Amino acid sequence: MKTSFIILAIFASVLFAATATLHASPGEKRLVARLPAEELRDYYGLQYILSDSQKIEYLSLASGSKRALWLDRFWIAVDPTPATKANEARMEHAQRVAAARQLFGRADPPGWDDRGEVMIRFGTPSLRMNN
C-alpha cells in the first residue's frame, strides 16, 4: 500500500510538472504560429527544454537561418562534453523526441500525448507497465 502511494505521488508530481507549461502566453502563441511547418515540428520538442525567455528569444528571430544559428549556439552551451565532436545532449534530445513520436504519436500537435512529453522531459522510463 505504501509503495502504491509513493508511485501515485510521483506520478502526480510529474503530471503536474508536465502540464504546467501547456499554457503558452498569447505572445508566444502568436510567434509559434508564424513558424514554418518543419521548424514548428522541431519547436514542439524544444519547448520543454527552453526557458520562457529562451523561447521568446528564439521565436522572435526573423528568419529560419537565424533560428538555426541560435539553436546551434544553444546546443553548444548545453553540451556536457564540449571536448568531443558529438553533442550528447542534442543527440539524446533528438532520440527522446523520436521515441515520443513513435511510442505515443498523435496526428494533432505537438505529435504525441502527455506520455510523450514526460519522455522528452525526463527520458525513457526505467519501468513500463502495459495494461
Side-chain angles (χ1 to χ4, degrees):
M1 177 78 168
K2 184 177 180 180
T3 304
S4 297
F5 178 74
I6 292 171
I7 291 171
L8 182 60
I10 291 170
F11 178 75
S13 65
V14 168
L15 187 59
F16 176 75
T19 58
T21 60
L22 291 178
H23 307 290
S25 69
E28 181 183 344
K29 287 180 184 179
R30 181 179 44 79
L31 292 170
V32 168
R34 69 185 190 125
L35 288 177
E38 185 59 35
E39 286 183 58
L40 183 59
R41 180 179 159 92
D42 292 340
Y43 179 76
Y44 286 137
L46 286 169
Q47 68 182 333
Y48 307 126
I49 62 171
L50 298 177
S51 69
D52 289 343
S53 61
Q54 288 172 322
K55 288 177 191 177
I56 298 302
E57 184 178 344
Y58 170 78
L59 292 168
S60 296
L61 294 170
S63 68
S65 60
K66 288 182 181 181
R67 286 187 292 274
L69 271 166
W70 187 95
L71 277 177
D72 287 341
R73 286 193 308 269
F74 169 79
W75 286 115
I76 288 169
V78 299
D79 188 353
T81 53
T84 63
K85 193 170 191 166
N87 186 323
E88 297 81 5
R90 192 173 199 165
M91 291 183 332
E92 172 71 19
H93 178 73
Q95 289 169 348
R96 289 179 180 189
V97 170
R101 283 194 175 104
Q102 180 183 7
L103 296 171
F104 309 113
R106 293 174 62 175
D108 57 325
W112 48 78
D113 61 18
D114 291 341
R115 296 171 297 173
E117 180 181 344
V118 171
M119 177 174 273
I120 293 168
R121 287 179 182 273
F122 304 108
T124 305
S126 57
L127 175 66
R128 279 185 66 193
M129 295 172 40
N130 294 325
N131 293 345

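Index from 1, following the sequence. Nothing here was measured: the structure is a model prediction, and the numbers come from that model.
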Sequence neighbours left out, what passes side-chain contact (heavy atoms from CB on, under 4.5 Å) with [X]? Give chain and number order.
X: A77; answer: none
X: S51; answer: S53, Q54
X: S126; answer: none
X: T124; answer: M119

I'd like to check the ring pair (Phe, Tyr, Trp, His ring centres under 6.0 Å) partners of W75; sequence neighbours left out, ordered by chain and number.
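W75: ring pair (Phe, Tyr, Trp, His ring centres under 6.0 Å) contacts with H93.
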
Set of side-chain hydrogen bond (donor to acceptor under 3.5 Å, both in side chains) partners for [X], sequence neighbours left out:
X: R30; result: none
X: Y43; result: E28
X: Q95; result: none
X: D79; result: none

Keeping to residues at least two apart or across chains, list the salt bridge (charged side-chain N to carboxylate O under 4.0 Å, His left out) pairs with something in [range].
range: residues 97-106; result: R106-D108
range: residues 35-47; result: E39-R67
range: residues 80-90; result: D72-R90

Heavy-atom pair with the smallest gap, counting every atom of V78 and A89
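What the structure gives for the nearest pair is O-CB, 3.7 Å.
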
Non-hydrogen atoms of I76 and N87 that approach each other most closely
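In this case the closest contact between I76 and N87 is N-ND2, 3.9 Å.
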
Could you tell me if the side chain of K66 sits less than 4.5 Å from the side chain of L69, heavy atoms only?
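No. Closest side-chain heavy atoms not under 4.5 Å.
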
Calculate, to the nearest 0.5 Å, the distance between atoms CH2 and CG belonging to W112 and L103 respectively.
12.5 Å

Evaluation steps, side-chain contact (heavy atoms from CB on, under 4.5 Å), between F74 and L50
CA-CA 9 Å; F74 169 79; L50 298 177; 3.7 Å; yes

